[in-house]
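Bear in mind the structure is a predicted one, so any value in this text is a computation, not a measurement. Each chain gets a letter, A, B and so on, in the order its sequence line appears, and its residues count up from 1.
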Amino acid sequence: MTWSASARGAQQPDNTAFTQQRLPAWQPLLSAGITLPLFFCAGLAFIGLGLGLFYSSNGIQELEYDYTGNPGTGNCSVCAAKGQDRAPPPSCQCSWSFTLPELFPGPVYLYYELSNFYQNNRRYGVSRDDAQLSGLASALRHPANECAPYQFSSDGLPIAPCGAIANSLFNDSFSLWHQRQPADPFVEVPLDRTAIAWWTDYHVKFRNPPLVNGSLALAFKGTAPPPNWHRPVYELSPDPNNTGFINQDFVVWMRTAALPTFRKLYARIRQGNYSAGLPRGTYRVNITYNYPVRAFGGHKLIILSNISWMGGKNPFLGIAYLVVGSLCILMGFVMLVVYIRYQDQDDDDNDDE
Amino acid sequence: YTVWNFVPKNLFEQFRRVANFYFLIIFLVQLMIDTPTSPITSGLPLFFVITVTAIKQGYEDWLRHNSDNEVNGAPVYVVRSGGLVKTRSKNIRVGDIVRIAKDEIFPADLVLLSSDRLDGSCHVTTASLDGETNLKTHVSVPETAVLQTVANLDSLIAVIECQQPEADLYRFMGRMIITQQMEEIVRPLGPESLLLRGARLKNTKEIFGVAVYTGMETKMALNYKSKSQKRSAVEKSMNTFLIIYLIILISEAIISTILKYTWQAEEKWDEPWYNQKTEHQRNSSKILRFISDFLAFLVLYNFIIPISLYVTVEMQKFLGSFFIGWDLDLYHEESDQKAQVNTSDLNEELGQVEYVFTDKTGTLTENEMQFRECSINGLKYQEINGKLVPEGPSPDSAEGNDPYLGSLSHLSSSAHLTATSLRTSPESETELIKEHDLFFKAVSLCHTVQISNVQTDGIGDGPWQPNLAPTQLEYYASSPDEKALVEAAARAGIIFIGISEETMEVKVLGRVERYKLLHILEFDSDRRRMSVIVQAPSGEKLLFAKGAESSILPKCIGGEIAKTRIHVDEFALVKTSLCLYERSRVRQLHRDKTIVLTTNFVPFIFRLQDKVRETIEALRMAGIKVWVLTGDKHETAVSVSLSCGHFHRTMNILELINQKSDSGCAEQLRQLARRITEDHVIQHGLVVDGTSLSLALREHEKLFMEVCRNCSAVLCCRMAPLQKAKVIRLIKISPEKPITLAVGDGANDVSMIQEAHVGIGIMGKEGRQAARNSDYAVARFKFLSKLLFVHGHFYYIRIATLVQYFFYKNVCFITPQFLYQFYCLFSQQTLYDSVYLTLYNICFTSLPVLIYSLLEQHIDPHVLQSKPTLYRDISKNRLLSMKAFLYWTVLGFSHAFIFFFGSYFLIGKDTSLLGNGQMFGNWTFGTLVFTVMVITVTVKMALETHFWTWINHLVTWGSIIFYFIFSLFYGGILWPFLGSQNMYSVFIQLLSSGSAWFAILLMVVSCLFVDVVKKVFDRQLHPTSTQKAQLAEAPSGVKCLDSICCFPGETPCASVGRVLDRVIGRCSPNHISRLWSASDPFYTNDRSILTLSPMDSSTC
């Protein structure tokens, strides 16, 4: 040790693996012989997954009805005509009747769908005040500037909730009725409208302002509802745990969609006699028609669907997996042919040498 | 600058950079108008980038500051206030009288006033300035020569007038006006009075000189070209790519603005009932709205320009350059010198060199020559331990004459007498001895060597000391051959003592002989030899001639010419050149009759640095052209070129020397061009000297360049320092714009080192000017091999992939944003959250590529060095060509399309993707795209990596893990200071979706599928030499065909789940780990088999 220490020059660099760039390392090569097994295994795996996903998606049933009210499409067209595309339009009732020849397996989910509605428009998307929606008393009567022109009412009162998103809250409502046998009376199917929004949304992100004398109405005193609303925010529901800013429908609507065609969850059907699904028989959906969409070329749909662990009916994923898996197998074979030919050529080269 | 104004000056310098200025504009635009992204998304990264760069530049300037202090702080003695005052070099002012002691270097250009000699003369060596090692004599004016004390000098009243500073080392004109006893005396001043800065005082105890040029005005400084900032070709490619991406950015912004107004022409898209405008928005001017929207789109898409590219490149170069300094293969043990990197901005330029320009003395050679063999009158002798020993068969060896020849140095009278009495042929014995004596006398007399005596101070001091030992004499010569010859004669007992008043004194076996020097015929290019005529003490007149064999042999009319010619050829097979002949003419019995008594021949061996020949050969194999630029004479230069392998004997040597006129030069060039055309099958070497080069460059540059470009080796001799730089500049601006590299060891090489794209200084014996002014410094020429073939190759691969990858990942980043505008009515809605926009380049995707650019080794360094031809794979900036750039850009766009439309089709009908039936929102959609992008981009870097150390694993998988942890943390808390809570709980919901996981896997595999296929086919169908070399290293055969990841001791993996894990990047594309052969000592000593960490193994 002493000898080597004294023999080493003052300027001599350290002889460590890092300084000499000799760290132990794995040095893979992307050669055909190595990647062929990878391609075949990946291809088979993807095809297997694709088949599983495809059949899983195929097992999901969907039932949808367009109640936009365009002329010649069911009795909702009467309601559409009444509205004359004015906003807000007067309330109207129409219905959709359908028959299920066999059990519709549950749990069943009820969605509404809108198309050509750009919730992802930037001017629309920033038109909200998260501080107000979180129940801050100081923010309640001082809406953010982003909410304009839905910041103050025509008589100068602050709007709660403010912004274009809240103002355009979807206000159609639905009820489902079931007739087990012809001549039997229609029985209302119970709709579970709890927990349709994200748990973190209605428990953390959205809060009502503190009660004043135990009254939510007094808490909102001095504010005005959005111009498109018929009633104040504290009357959205008779249920005190589902009214105000924490109303489930409101919270669902406030999560803006990514694309112009979107669905929102309205209710689950999983209570009482309908926990196993919708039994065979005749059904009727009573629709309260309020929301105007024809002015911007939109559509309104009702959708009944069941759900797998993967979500709703979505054949894209399965098909895509099958395509990619097939391409992997195909490319594997092509590479195999090239590899074999290259091996022969390589052997010839070696013989020449 | 000072410490205080470093900040504003550095900021100004950084914003002069186009990219930084661009981001500043974007930041200001974001502050002024309503933009879709927060100003923080641009301001924060810009601040980070500028801070890191400022710290790095501050550190480098601090190093430079310390280096400057070392030079400026050297102590000097100045005459002030009647005494000698010690001060610093930087404090010397014009007019100061400076005292310089023996062997010290002049700190400024001084006019010599006096020395310790009465005649006011001194000796100076200017080796560090012009490479000439002979002593030069400088003299002062007589009136100041007597001022040899400080007191006398202090009373001097004089005025010096001289010309403005000029670069020419050998030109100086001025006059000194001295006031003495009320009388003005005017004396002219010339180059002989000027002591140049950087020269060294020799043979003189001390001198006094007055400073006339200081600092940057000195001739040495003026000969240094102003050191401009060197920029690599890679950086220029980067700027080209940036401009292309700027065009893409502006095009996208314009298209988006036009489409926005096309859509908004309809009321139902512009202002539906649910999305009314404010009065201000309705009433604003149409033109203002158009401009505002264009700027907003510009801001939305501006991330296509990677802001962190420059700072990452800077960090890569700065940190990466440490590996050069740390390399033990570039460390020289004898001189205790490691490699130095003075300009880390050019690391990858080492991988692009096409021309190497090298000095000769001290760079290729050891700056010394050695006498080894000689031929005396037809007999060949070899020097062993200071004695001449006969070589090979000889007529006399059979007679047993060896002992007497071997004891030549110690021949004494008694031995002589004994030999005479014992031998039967005393006459031939005597004649042999005489011939040897005559040979060495010729060597001792026929030269221009000067002497430095270490014991006594200068010639002329006191009487000769009769018993002076040879080791105490120090010879100075204008070329190493003369020095080697005189030293060899001294070792043989015939010692040259000096010249005094036209008399050359030689000590022969302890007895001084004086030869009167009648005439000296200096070496010139016409005769190509030098001669001296001396008169021996016996009155005999002798003529000695020395020169190359081609100029001497034709003149011989006697002696053993045939045998000598055979010896010349034999010596030529060894590495030798240059000859010495002697011809003597005894007292003339008849007028004009000449008798040649002896013909002698001496070969020389230049002592090359080790492995110079191998290094030059490797450079040639790599496709690099080697030029030797030297200030030496023609013959010396050619001989060294042949010795070191720069010229081959199979080469056709063309010459362009001794040109006197413009037309003659042009005619010669045309002849050379014609010869090259006629003999195009063989290789050509060109020799050109300084004067001919001046003529050729003045009017016939194109013709000259045409000739040079067709020669595989060029030798330029008699070159001035600035001429070397001019040659390099000429090559640089030739049509191919090749990358040039210059190597030198002296101050006279500084100009060419600074002119070349890359300058390398050799830390040699003659000072450090070259090493200090170069971009890289090494101790030996042979280190050039590893510097270029290993470090240059690696750095180029790393930086090229880094640049391409940066543009790729930012195309992936911004193109989905552009596509999303088609689905949100071109409302400038961002697809990603602001924080993700900010951190994408800074955090989520920066570390893997930085570590790649520091550690990547796509092939073993040993292979790169042993196969120089692999260097051709990266020549001409191949990896950053427009074709490669186009591939990476198309790849980026295609990946972006897959991210976006894969997510779009997944969500397109907006069915639920959660098991509880709940729905996603727009921020979840954006986060899905972002997640796929981060994973794909990171795995893409994994695909490019050939050298997986634990650090690579850590940063690659760690980056993805960090992204997930960060997103969970960011989305899991309501952050009070954020204006919006868009991302709250979004990531958790995304991860809760099985569909999302399957989609992520699908999209990552789809993106990389095409890339992997292309790589495999490229390697299989038309592999580069590097890829062939990689394959040759891999073990033959595939041991585990049925397994994707196969490690020693691990069971092959068959589980589908594990396959999926590997495919999405937990294990990168498979390969059998390298199994080093136990019998290969290189591998055993230098490398160990990688064992992956348990975490990685558990994923199999």
Chemist: Check the pair F1017(B) / M331(A) against side-chain contact (heavy atoms from CB on, under 4.5 Å), numbers first and verdict last.
Modeler: CA-CA 10 Å; F1017(B) 274 117; M331(A) 206 53 61; 3.9 Å; yes
Chemist: Distance check, rounded to the nearest 0.5 Å: D270(B) atom CG versus R123(A) atom CZ?
Modeler: 6.5 Å
Chemist: Non-hydrogen atoms of chain A under 4.5 Å away: do they reach the side chain of I988(B), the backbone, both or neither?
Modeler: neither
Chemist: Checking N916(B) against chain A: side chain, backbone, both or neither under 4.5 Å from a heavy atom?
Modeler: both
Chemist: For Y274(B) and F296(A), I'd like to know if the aromatic rings sit close, meaning centre-to-centre distance below 6.0 Å.
Modeler: yes
Chemist: Check T949(B) against A25(A) and note the closest heavy-atom contact, atom names and distance.
Modeler: CG2-CB, 3.8 Å
Chemist: Hey, is CZ on F54(A) packed in by over 12 heavy atoms from elsewhere, all under 6.0 Å?
Modeler: no
Chemist: Taking all non-hydrogen atoms of both residues into account, name the closest pair between R255(A) and G921(B) and its distance.
Modeler: CG-CA, 4.1 Å
Chemist: Under 4.5 Å from any heavy atom of chain A, what part of F322(B) do you find: side chain, backbone, both or neither?
Modeler: neither
Chemist: How far apart are the C-alpha atoms of F323(B) and Q20(A), what are their side-chain angles, what is the distance that settles it, and do they pass the side-chain contact (heavy atoms from CB on, under 4.5 Å) test?
Modeler: CA-CA 7 Å; F323(B) 286 120; Q20(A) 303 307 307; over 6 Å; no
Chemist: At what distance, to the nearest 0.5 angstrom, does OH of Y118(A) lie from CG of L825(B)?
Modeler: 4.5 Å
Chemist: Who among G994(B), S985(B), S1006(B), A996(B) has the most heavy-atom pairs with chain A under 4.5 Å?
Modeler: S985(B)
Chemist: When rounded to the nearest 0.5 angstrom, what is the spacing between CZ in F1009(B) and CZ in F46(A)?
Modeler: 10.0 Å
Chemist: Determine whether a donor-acceptor pair (N or O, by modelled atom type, separation under 3.5 Å) exists between the side chain of T278(B) and the backbone of P149(A).
Modeler: no
Chemist: Can you tell me if N120(A) uses its side chain to pair, donor with acceptor, with the backbone of Y823(B) under 3.5 Å?
Modeler: yes
Chemist: Test side-chain contact (heavy atoms from CB on, under 4.5 Å) on N314(A) and S995(B) and set out the steps.
Modeler: CA-CA 9 Å; N314(A) 196 331; S995(B) 291; 5.7 Å; no
Chemist: When rounded to the nearest 0.5 angstrom, what is the spacing between CD in E62(A) and OG1 in T911(B)?
Modeler: 7.0 Å
Chemist: Does P292(A) offer a backbone N or O that forms a donor-acceptor pair with the side chain of W273(B) under 3.5 Å?
Modeler: yes
Chemist: Kindly compute the distance separating CZ (F998(B)) from CG (L317(A)), expressed to the nearest 0.5 Å.
Modeler: 7.5 Å
Chemist: Could you tell me which portion of T945(B) (side chain, backbone, both or neither) has an atom closer than 4.5 angstrom to a non-hydrogen atom of chain A?
Modeler: backbone
Chemist: Does any backbone or side-chain atom of A17(A) lie under 4.5 Å from a heavy atom of chain B? Answer side chain, backbone, both or neither.
Modeler: neither
Chemist: Which word best sums up how the rings of H953(B) and W26(A) line up, parallel for under 30°, tilted for 30 to 60°, or perpendicular for over 60°?
Modeler: parallel
Chemist: Do Q857(B) side-chain atoms and Q21(A) backbone N/O form a donor-acceptor pair below 3.5 Å?
Modeler: yes
Chemist: Please state whether the side chain, the backbone, both or neither of R268(A) comes within less than 4.5 Å of a heavy atom of chain B.
Modeler: side chain
Chemist: Measure distances from V986(B) to the heavy atoms of chain A and classify the residue's part below 4.5 Å as side chain, backbone, both or neither.
Modeler: both
Chemist: What side-chain hydrogen bond (donor to acceptor under 3.5 Å, both in side chains) pairs are there with at least one residue in residues 108-117 of chain A, not counting sequence neighbours?
Modeler: E113(A)-R263(A)
Chemist: Using a cut-off of under 4.5 Å on heavy-atom pairs, state which of L914(B), L906(B), L913(B) scores highest against chain A.
Modeler: L906(B)
Chemist: Report which part of L328(B) has an atom under 4.5 Å of a heavy atom belonging to chain A: side chain, backbone, both, or neither.
Modeler: both
Chemist: Quick check on F18(A) against chain B: is it the side chain, the backbone, both or neither that has a heavy atom closer than 4.5 Å?
Modeler: both
Chemist: How far does CH2 of W309(A) sit from OG of S993(B), to the nearest 0.5 angstrom?
Modeler: 9.0 Å
